[in-house]
Undergrad: 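Sharing a structure below in structure tokens format, with a few things to ask.
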Amino acid sequence: MNDKIRELVENCKSRISDLSNMAAAELQKIKSESLGKNSELTNLLKSMRDIPAEERPRFGQMVNEARKLIEEAFADAERKMKEKTLRDKLEKERVDITLPCDNAVQGRGHLHPITLVADEIMDIFKGLGFEVLEGPEIETDYYCFEALNIPKNHPARDMQDTFYITDNILLRTHTSPNQVRVMEKKQPPIKMLCPGKVYRSDDDASHSPMFHQIEGLVVDKHITLCDLQGTLEAFAQALFDEKTKTRFRPSFFPFTEPSVEVDLTCSNCGGKGCKLCKGTGWIEVLGAGMVHPKVLENCGISSEKYTGYAFGMGLERIAMIKYGIPNIKLFFENDARFLKQFR
Ligand code: DAH
């Protein structure tokens with residue numbers, strides 16, 4: 001190899017000997033300057049025609065050897081460049097897995113108090129053999145009222161201030177319509193719970209336009225009011241404590257006959273009388289009754305053969321009693337100071 005060619009090779013090698021501050025694009029640029037159409041190497045090949053014919057083969061061989069050396073040098077540099085890029089990337093994106101995670105700063109999320117109470121109540125009833133069957137929040141007049149023995153223009157409709165979407169479609173005011181949906185599909189024995197959101201045009205410290213209810217329905221042969229009382233007492237004792245007693249007061253719901261309001265001995269004072277129970281020792285928690293024969297018949301269930309009981313309770317009300325919460329709005333304002341207490 002003559003000196004000129006050797007110098008050319010050395011020169012190329014030295015340009016790429018230090019890659020530490022070189023970008024991949026720069027390396028490619030040097031490569032095309034060294035081996036491309038306008039490179040010195042290509043010019044050397046072009047100059048072959050000025051060389052005497054007998055020296056040409058040797059000269060050609062030297063230039064080819066030089067090209068091979070330069071190509072090898074670039075292959076080597078490219079491999080190193082690839083490794084360097086990967087190393088830089090790993091270094092830059094390194095994660096210190098020993099650092100405390102955000103959770104430690106923010107606090108871990110947890111269930112909303114209404115969800116907690118709903119889960120607890122459903123667990124108790126599931127233990128008594130109830131199954132959970134949910135229904136739609138947007139209902140028809142028929143399921144929400146008509147089928148439950150609340151005819152159009154009947155004064156009983158005033159008991160539930162309703163958000164109508166059209167004359168016939170509305171936001172359900174209670175979870176009771178799902179009683180009808182379940183009974184239409186299924187013959188007794190029925191033992192079901194329906195939890196969910198309900199809506200009423202109502203708004204004060206103990207009422208919210210949206211709140212939650214759990215509905216219960218049992219239909220079978222020989223079901224009596226005593227079954228209702230026994231079941232609700234077992235439920236109340238599981239939710240509060242074994243000393244909790246239940247009391248039935250006569251009431252009216254168009255879909256039950258007889259109808260009752262159910263009181264529990266006050267969980268705060270145990271029945272002695274306190275501020276929570278307004279000195280009476282009792283707290284009203286739910287409405288219930290024996291399913292009206294007309295409702296059974298509306299759903300295609302024989303009221304001669306079967307009887308049933310039903311109940312409906314407001315979850316916010318139960319949670320307010322259980323945790324001593326003074327205002328229903330606290331459930332829906334999402335103030336972390338309030339919610340954190342239920343972790
Ligand atoms: N649906 C009633 C309400 O929202 C509560 C209720 C009362 C449900 C008696 C029942 C029942 O299933 O039997 O006010």
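Just so you know, ligand 1 is whichever comes first in the structure, and atom 1 is the first atom listed for that ligand. From a predicted model like this one, the values you see are computed outputs, not experimental measurements.
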Undergrad: State, to 0.1 Å, how close D141 and R157 come at their nearest heavy-atom pair, and which atoms those are.
TA: OD2-NH1, 2.7 Å

Undergrad: In this structure, does ligand 1 have an atom that sits under 4.0 Å from one of the heavy atoms of M159?
TA: no

Undergrad: Of the protein's non-hydrogen atoms, which lies at the shortest distance from atom 4 (O) of ligand 1, and what is that distance?
TA: R200 NH2, 2.7 Å

Undergrad: Should K186 and E131 count as an ion pair when the cut-off is N to O under 4.0 Å?
TA: yes

Undergrad: Regarding ligand 1, does T173 bring an N or O atom to under 3.5 Å of one of the ligand's N or O atoms?
TA: no

Undergrad: Any atom of ligand 1 sitting under 4.0 Å from a heavy atom of F255?
TA: yes

Undergrad: Is the shortest N/O to N/O distance between T256 and ligand 1 below 3.5 Å?
TA: no

Undergrad: Would you mind running through ligand 1 and noting each atom that sits below 4.0 Å from a heavy atom of Q160?
TA: 3 (C), 4 (O), 14 (O)

Undergrad: Under a 3.5 Å distance rule, please check whether N298 uses its side chain to pair with a backbone N or O of A147 as donor and acceptor.
TA: yes

Undergrad: Is there a donor-acceptor pair closer than 3.5 Å between any side-chain N or O of T175 and the backbone N or O of P195?
TA: no

Undergrad: Mark up the atoms of ligand 1 that fall under 4.0 Å of a heavy atom belonging to G289, in ascending order.
TA: 13 (O)

Undergrad: Salt bridge or not between R181 and E184? Use side-chain N to carboxylate O under 4.0 Å.
TA: no

Undergrad: Out of curiosity, is Q213 lining ligand 1, as in a heavy atom under 4.0 Å away?
TA: yes

Undergrad: Please lay out, stage by stage, how H174 and F253 fare under the test ring-ring contact (aromatic ring centres under 6.0 Å, His included).
TA: CA-CA 12 Å; H174 50 174; F253 299 103; 9.2 Å; no

Undergrad: Which of the atoms of ligand 1 are close to G287, meaning less than 4.0 Å from one of its heavy atoms?
TA: 6 (C), 7 (C), 9 (C), 11 (C)

Undergrad: Side chain or backbone of A288 under 4.0 Å from ligand 1, or both, or neither, by non-hydrogen atoms?
TA: backbone

Undergrad: Among protein heavy atoms, which sits nearest to atom 12 (O) of ligand 1, and what does the distance come to when rounded to 0.1 Å?
TA: E215 OE2, 2.6 Å

Undergrad: Between the main-chain N or O of G36 and the side-chain N or O of T42, is there a donor-acceptor pair closer than 3.5 Å?
TA: yes

Undergrad: What is the minimum heavy-atom distance between L315 and A118, and which atoms define it?
TA: CD1-CB, 3.7 Å

Undergrad: Any nitrogen or oxygen of F253, side chain or backbone, less than 3.5 Å from one on ligand 1?
TA: no

Undergrad: Taking all non-hydrogen atoms of both residues into account, name the closest pair between K13 and A73 and its distance.
TA: CG-CB, 4.0 Å

Undergrad: Which ligand 1 atoms does Q179 reach within 4.0 Å, using its non-hydrogen atoms?
TA: 12 (O)

Undergrad: Show which atoms of ligand 1 fall inside a sub-4.0 Å distance from at least one heavy-atom site of S176.
TA: 1 (N), 8 (C)

